[in-house]
Amino acid sequence: MSNHDQGMTRPQALRLEFFIIGLGIFALLLIFQPFSLQLFAIGSVLVVIAGLINNLLPMAQPGVKFRSVVTVAMVVAMIFCIVLLISIGAAHLYGAFFLKPPDPNTLAGKAQLATPPFWRQPLVWGIAAVAAVLAVAITIMNKIRD
């Protein structure tokens, strides 16, 4: 049996664990540094990514196959994309039902009314495409494994 079939060795699992924890610590350092707003923004994004990657921590064990770690990472990313789409839809529905419509007589109201609805935004379609591609990739990986 090759090393690839056995899974991660103890040093590999330890490196994965240190990377996951180190990414979270690095993100917090970037957030709480007082020097640069750009570093704060990068740290804010990294905190979200580190929180998602933290779901891989139980997989950082000797003997766990790297393919399993990748599959779990893809599932976490897919769930994040789906939750993001649901959040965007919920925010739109909140605005539609609980906020007063924009005033077309103001500059801000004209800008808001000229903006296409959320389902026509490229970001939303990009997130949906990533979720769909991840779902297909996970399905194909599972079929190849079986």
Side-chain angles (χ1 to χ4, degrees), residues 1-102 108-109 111-146:
M1 198 184 286
S2 71
N3 189 24
H4 185 67
D5 293 335
Q6 292 176 339
M8 288 188 288
T9 63
R10 184 164 179 78
Q12 289 172 330
L14 200 56
R15 275 195 297 269
L16 177 62
E17 186 175 351
F18 282 165
F19 170 75
I20 292 168
I21 294 170
L23 182 64
I25 292 171
F26 180 65
L28 289 174
L29 287 174
L30 288 178
I31 284 179
F32 291 111
Q33 56 77 34
F35 307 112
S36 169
L37 199 54
Q38 287 81 12
L39 289 178
F40 172 78
I42 292 168
S44 298
V45 171
L46 279 179
V47 162
V48 174
I49 292 170
L52 292 169
I53 290 177
N54 210 20
N55 288 302
L56 301 177
L57 211 47
M59 303 294 288
Q61 300 291 328
V64 174
K65 294 182 179 162
F66 186 69
R67 178 187 181 105
S68 298
V69 175
V70 171
T71 303
V72 170
M74 290 171 65
V75 168
V76 168
M78 182 185 66
I79 291 170
F80 177 72
C81 289
I82 292 169
V83 168
L84 197 56
L85 290 171
I86 291 170
S87 299
I88 292 169
H92 171 74
L93 291 175
Y94 175 82
F97 288 113
F98 296 114
L99 299 178
K100 64 179 184 172
Q112 289 174 356
L113 290 171
T115 304
F118 82 98
W119 60 84
R120 292 182 48 205
Q121 299 289 336
L123 174 69
V124 173
W125 285 101
I127 294 169
V130 168
V133 167
L134 286 169
V136 169
I138 292 167
T139 304
I140 290 171
M141 285 178 64
N142 284 337
K143 291 206 186 259
I144 290 172
R145 185 184 58 173
D146 294 339

Taking all atoms of both residues into account, what is the closest heavy-atom pair of Gly24 and Ala50, and its distance? CA-CB, 3.7 Å
Do you know which two heavy atoms are closest between Leu113 and Pro102, and how far apart they sit? CD2-CG, 3.9 Å
Atom pair [atom1] ([X]) and [atom2] ([Y]), whose distance is rounded to the nearest 0.5 Å:
X: Ile88; Y: Leu93; atom1: CD1; atom2: CG; result: 12.0 Å
X: Met8; Y: Arg15; atom1: CE; atom2: CZ; result: 10.5 Å
X: Phe66; Y: Thr71; atom1: CZ; atom2: OG1; result: 10.0 Å
X: Phe26; Y: Ile42; atom1: CZ; atom2: CD1; result: 8.0 Å
X: Phe80; Y: Ile49; atom1: CZ; atom2: CD1; result: 8.5 Å

Taking side chain as C-beta onward, heavy atoms only, is [X] less than 4.5 Å from [Y]?
X: Val70; Y: Arg67; result: no
X: Leu16; Y: Gln12; result: no
X: Leu85; Y: Cys81; result: no

Pairs satisfying ring pair (Phe, Tyr, Trp, His ring centres under 6.0 Å), at least one member in residues 28-55, at least two apart: none
Residue pairs meeting side chain to side chain donor-acceptor pair (under 3.5 Å), one or both in residues 18-38, sequence neighbours left out, come to Ser36-Gln38
Can you pull the side chain to side chain donor-acceptor pair (under 3.5 Å) pairs that have at least one residue in residues 43-56, sequence neighbours excluded? none
Output side-chain donor-acceptor pairs under 3.5 Å for residues 128-140, partner residues at least two apart or in another chain, one line each.
from: Thr139; atom 1: OG1; to: Ala135; atom 2: O; distance (Å): 2.8

Residues forming a ring pair (Phe, Tyr, Trp, His ring centres under 6.0 Å) with Phe98, sequence neighbours excluded: Tyr94
Answer yes or no: are there more than 12 heavy-atom neighbours, outside Phe118 itself, under 6.0 Å from its atom CZ? yes
Using atom types as modelled, flag every donor-acceptor pair under 3.5 Å from a side chain in residues 119-126 to any protein atom, sequence neighbours excluded.
from: Gln121; atom 1: NE2; to: Pro116; atom 2: O; distance (Å): 2.9
from: Trp125; atom 1: NE1; to: Trp119; atom 2: O; distance (Å): 2.4

